[in-house]
Asks: 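Here it is, the structure in full.
Naming: A, B, ... by sequence-line order, numbering from 1 per chain. Any value given below was found using the heavy atoms of this structure, including those in side chains, with hydrogens, waters and symmetry copies removed.
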Amino acid sequence: MRPPNPQRDELHQLLLRWYDRHARDLPWRKNPEPYQTWVSEIMLQQTQVATVIPYFERWMARFPTIADLANASEDDVLQFWQGLGYYRRGRNLLAGAQYVVANGIPFDAAGWQEVPGIGPYTAGAIASIAQNQPAALVDGNVERVYSRLTADATEPPKLTQNAWKWANLNLDHHRPGDWNQALMELGATVCTPKNPQCPTCPLKNRCAAFAIGKPDSYPTPAKRTATVQLQQTLWIARCGDRIATERVPQGEWWEGMVSFPRSQTHDLTENPFDPAWPKLAGTFKHSVTHHRITLQVACVTVENAADNYTWLNAHELNAAAIPAPHRKGLELAKRL
DNA sequence: AAACCGGGGTC
DNA sequence: GACCCAGGTTT
């Protein structure tokens, strides 16, 4: 056992008392079993709570248990993940379910981290929230709260290491799951990146950044890779009531999903359906990590359905896993 | 250690 | 526009 620490005890009391009154009513908190917690944590990776909620509800209705998920196909999973982004998360969740069916449900953070798609954060989250294990965690919220509480101006990724040390030292062993969620809840709703609500913060009198009047100058921002501008054309080819589609090849963005013929230029003479004459349906921008794509949508009508494409009708298109910007392009083409 | 991977909310 | 989000995997 670790030695008594009255300051740490007070920190736990201040934050947990606040959390008991202010915890948001989130769907995955109704039934914090390992599977529910697991699914929610994977969906929440780099994704905001409000975005995840409808996906989580649909997922639980379609794949109620780990066994249901383990028996699903990758296309099933991708169709449900469609629009959420970071599709490897969905594939890994499927692989993880199969792993757990084969090897049994892990009982601590170290065991969870062996599951595909589960790293140190998610392992700590499932073990502490669903299994009451004394496991720490650090996400973007905890890192920011730590950085402000201690006025640690270290640049990431070293800051992340410091935050993990702090999280392990300050874990609440009586209510580890609530403590971890309370730290994240504070970061998400009070100790926000911009305009933190310090006057309402339960920890303001323990916060070094607040004490020196500079909460929003922490944490020190990470250096970012420069934005790259790209141009693409999406070709929506119609033959009767069907549209030409293809599987995105390995190595390209959205690999394995369903998309339309694409060219890496706005030059409409590079027309895969030549000599059919293209009509421009519109242009919009879409971001993929540090890339900024200006996407042009060209429509053509053809007489013969070339067999190097898969021609899908409206019903089949609706059921396919199509990347969000390409589905948006399809909608633009429909309005033409 | 740095790059890769999506999409949306927010300022 | 830039920044951020209950990060993990690959190189």
Asks: May I have the distance from A:Q197 (atom CD) to B:dC11 (atom C1'), rounded to whole angstrom?
Replies: 13 Å
Asks: Which value, in whole Å, describes the distance between the P atoms of nucleotides B:dG6 and C:dT11?
Replies: 15 Å
Asks: A:Y55 ring centre to A:R58 NZ or CZ under 6.0 Å, with the angle to the axis within 45°?
Replies: yes
Asks: What nucleotide among C:dG1, B:dC4, B:dA3 has an atom nearest to a side-chain atom of A:R292?
Replies: C:dG1
Asks: Quick one, give me the B/S/- string for nucleotides 5-11 of chain C, reading 5' to 3', where B means a protein heavy atom under 4.0 Å from the base and S means that only happens at the primed atoms, P, OP1 or OP2.
Replies: BBBBSS-
Asks: Just N and O in the side chain of A:H290: are any of them under 4.0 Å from OP1 or OP2 of B:dC4?
Replies: yes
Asks: Any side-chain N or O of A:H286 below 4.0 angstrom from OP1/OP2 of B:dG6?
Replies: no
Asks: For DNA chain C, find the residues of residues 317-334 of chain A with a heavy-atom distance under 4.0 Å and give them by number; none if there aren't any.
Replies: none
Asks: Got A:Q131 and A:T37 here, is their nearest side-chain heavy-atom distance under 4.5 Å?
Replies: no
Asks: In whole angstrom, give me the gap between the P atoms of B:dA3 and C:dA6.
Replies: 24 Å
Asks: Which value, rounded to the nearest 0.5 Å, describes the distance between A:I322 atom CD1 and A:W254 atom CH2?
Replies: 12.5 Å
Asks: Taking the side chain as every heavy atom from C-beta outward, state whether A:L186 and A:P202 have any pair of such atoms under 4.5 Å apart.
Replies: yes
Asks: Is it true that A:E255 and A:R247 make a salt bridge, defined as a side-chain N closer than 4.0 Å to a carboxylate O?
Replies: no
Asks: Can you tell me how far P of C:dG1 sits from NE2 of A:H291, to the nearest Å?
Replies: 16 Å
Asks: Is a salt bridge present between A:K334 and A:E331, judged by a nitrogen-to-oxygen distance below 4.0 Å?
Replies: yes
Asks: Does any part of the side chain of A:W28, heavy atoms only, come nearer than 4.5 Å to the side chain of A:I53, both counted from C-beta?
Replies: yes
Asks: Taking atom C1' of B:dG8 as reference, at what distance in whole Å does atom OH of A:Y87 sit?
Replies: 12 Å
Asks: Less than 3.5 Å apart, any donor N or O on the side chain of A:N313 or A:D241 sitting next to an acceptor on the other?
Replies: no
Asks: List the residues meeting ring-ring contact (aromatic ring centres under 6.0 Å, His included) with A:Y19, not counting sequence neighbours, and say none if there are none.
Replies: none
Asks: Which residues, if any, of residues 252-260 of chain A bring a heavy atom under 4.0 Å of DNA chain C?
Replies: none
Asks: For A:E270 and A:S263, which I'm curious about, is there any donor-acceptor pair between the side chains at under 3.5 Å?
Replies: no
Asks: Using ring-ring contact (aromatic ring centres under 6.0 Å, His included) as the criterion, list what pairs up with A:H266, not counting sequence neighbours.
Replies: none
Asks: Which residues, if any, of residues 54-71 of chain A bring a heavy atom under 4.0 Å of DNA chain B?
Replies: none
Asks: May I ask you to test the A:Q36-A:M60 pair for a side-chain heavy-atom distance under 4.5 Å?
Replies: yes
Asks: Salt bridge or not between A:D178 and A:R29? Use side-chain N to carboxylate O under 4.0 Å.
Replies: no
Asks: A:W179 pairs by ring pair (Phe, Tyr, Trp, His ring centres under 6.0 Å) with which of A:H12, A:H174, A:H173?
Replies: A:H12
Asks: Specify the separation, in whole Å, of atom CG of A:L78 and atom P of B:dG6.
Replies: 10 Å
